[in-house]
Amino acid sequence: MKAIFCNFFINIGIYVSIQFKDGLSRAFFIACGVVVFVFMGYEHVVFNAGLYSGMIFYDFDAVAWLHVLKNIVFAFIGNYIGGGIFVGLVYAYLNGRRDSLSN
């Protein structure tokens, strides 16, 4: 659930940011999405990816590969549901059907 909401907040921040032309407004709204999921306590989902990558270079033998695999699988599922279904599918529906553009 945390990965789903993490991706959902980030995608909403990115979608709002693409409505603006200047870079400062875009950065502000992307940062708002990041601040929301960090405030809600979801920051470890993103932090773990960097932590595992750093740990591989620091001490390869100390990495618990089952935990790495579990984190990657749940992050993938959360990204797919949060970004692909909750955000992407809704926007695809709101944009209408493709064959309506050819008429």
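No experiment lies behind these values; they were computed from the predicted model shown. Sequence positions, counted from 1, serve as the residue numbers for this chain.
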Return the CD1 to CD1 distance between I12 and I30, rounded to the nearest 0.5 Å. 13.0 Å

Joint cluster assignment, Y58 & W65, ILVMFWY side-chain distance < 4.5 Å: yes

Transitively linked via ILVMFWY side-chain contacts under 4.5 Å: L66 with F76? no

Taking all heavy atoms of K21 and all of R26, pick out the closest pair and write down the distance. O-NE, 4.2 Å

Among all residues two or more places apart in sequence or in another chain, which pass the side chain to side chain contact (heavy atoms under 4.5 Å, CB included) test with V35? none

Knowing that exactly one of L24, V16, I18 qualifies, which makes a side chain to side chain contact (heavy atoms under 4.5 Å, CB included) with F20? V16

Please enumerate all residues that pass side chain to side chain donor-acceptor pair (under 3.5 Å) together with D59, with sequence neighbours excluded. none

